[in-house]
Amino acid sequence: MTSTDSFAEGWEKWFGMIGPAGQPVTDTLIQLAQIRPGQVVLDAATGIGEPALSVASIVGPEGFVLGTDYSSDMLKMARRRAAEREATSVRFEEMDLDRPQLAANNFHAILCRWGLMFVADLANTLAQFHRALRPGGWCAIAVLGPAEKVPALSLAAQVMARTQGKDWAEPSTFSAFALHDSDQLSRRFTDAGFSNLQGQWQPVNYLFASIGDFLAYRLDCSVDFRDHFEQLSPSEQATAKNLITEAAAPYRTADGGFLFENWTYCLAGQRLDDR
């Protein structure tokens, strides 16, 4: 996985937009996983603490939430946010989603919001999730749709490629869009032993006051985008910004802002056996 430690502050900076935009997805995952008071829940790839903190408010003091992430800086912010909320039923620990270290038959539910796309061995990670659930427990995850349905991420990347005289094709492996095929993802869940699959598409809306804000968001929160942008000369950066403005025209709002509708897929499966 690519480290996001140096971008943790960017995620916190933009959480005022990202948080509310992603909350409906969190709510859907909580509903799909049938999370109730008193349960023990894992939130894998929690970032700066979501959906873990939302879940903690549901399971209450009789329950427990473990939030994991491989980024120590993200987890520092998650712990600070938990302290600010006085959330005592949640703990945050480092864990690489590629190599999850989880006790068997431990969790009533496992959530993973926008993390599985970057896993190298999805079959192993899903198998470990299945093993870590108690029989009857649910695993609910969210992944991003295809690139053309996630303009907040893909639009600027496509423009950057054109600026550098390259063809841009939607990445198929270890990218934000790697698991956009909902049918294939369902098969992977079934292969891992999950039953009673339930899935639904859901929009996530990002609203920016200007292209300048959109560009700042991408630079603050994307390792790859910042690396590519900083390799450009000042004149090339100006050209890229103009091209991004042109490409974003279909998303312009009446008051001059930019509203990007991004589609995500939520999928849940249940562990029914004892394997």
Peer 1: Can you name the one residue among F258, F208, Y206 that meets ring pair (Phe, Tyr, Trp, His ring centres under 6.0 Å) with F214?
Peer 2: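 In the set F258, F208, Y206, the residue that makes a ring pair (Phe, Tyr, Trp, His ring centres under 6.0 Å) with F214 is F208.
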Peer 1: Just checking H130 against F194, ring centres under 6.0 Å apart?
Peer 2: yes
Peer 1: Does the separation of the ring centres of F260 and Y251 fall below 6.0 angstrom?
Peer 2: yes
Peer 1: Does anything in residues 13-41 pair up under salt bridge (Lys or Arg N to Asp or Glu O under 4.0 Å), and if so which pairs, sequence neighbours excluded?
Peer 2: K13-D220
Peer 1: What I want to check is whether the side chains of E50 and S54 have a donor and an acceptor closer together than 3.5 Å.
Peer 2: yes
Peer 1: With distance as the sole criterion, is a donor-acceptor pair present between the side chains of D69 and S71 under 3.5 Å?
Peer 2: no
Peer 1: Using 0.5 Å steps for rounding, measure from the CD1 atom of I58 to the CD1 atom of I30.
Peer 2: 4.0 Å
Peer 1: State plainly whether the residues K76 and D73 are in salt-bridge range, i.e. N to O under 4.0 Å.
Peer 2: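 Here K76 pairs with D73 in a salt bridge, since their nearest N and O are under 4.0 Å apart.
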Peer 1: Just checking, R81 and F15: is the charged tip under 6.0 Å from the six-membered ring centre and within 45° of the axis?
Peer 2: yes
Peer 1: side-chain hydrogen bond (donor to acceptor under 3.5 Å, both in side chains), that's the test. Do T264 and W114 meet it? Break it down for me.
Peer 2: CA-CA 9 Å; T264 193; W114 302 320; 2.8 Å; yes
Peer 1: For residues 241-252, which residue pairs pass the salt bridge (Lys or Arg N to Asp or Glu O under 4.0 Å) check, not counting sequence neighbours?
Peer 2: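 Passing the test, one end in residues 241-252: no pairs.
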Peer 1: Between E261 and W263, is any side-chain donor less than 3.5 angstrom from a side-chain acceptor?
Peer 2: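 Yes, because at least one side-chain N or O of E261 sits under 3.5 Å from a partner of the opposite role on W263.
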Peer 1: Less than 3.5 Å apart, any donor N or O on the side chain of R271 or N105 sitting next to an acceptor on the other?
Peer 2: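 Judged by distance alone, the side chains do pair up.
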Peer 1: Could you go through the side-chain hydrogen bond (donor to acceptor under 3.5 Å, both in side chains) check for T46 and D43 one step at a time?
Peer 2: CA-CA 6 Å; T46 190; D43 176 23; 2.7 Å; yes
Peer 1: With a cut-off of under 6.0 Å to the ring centre and 45° to the axis, is R79 in cation-pi contact with F92?
Peer 2: no
Peer 1: Using the ring centroid of each side chain, check whether F107 and F129 are separated by less than 6.0 Å.
Peer 2: no
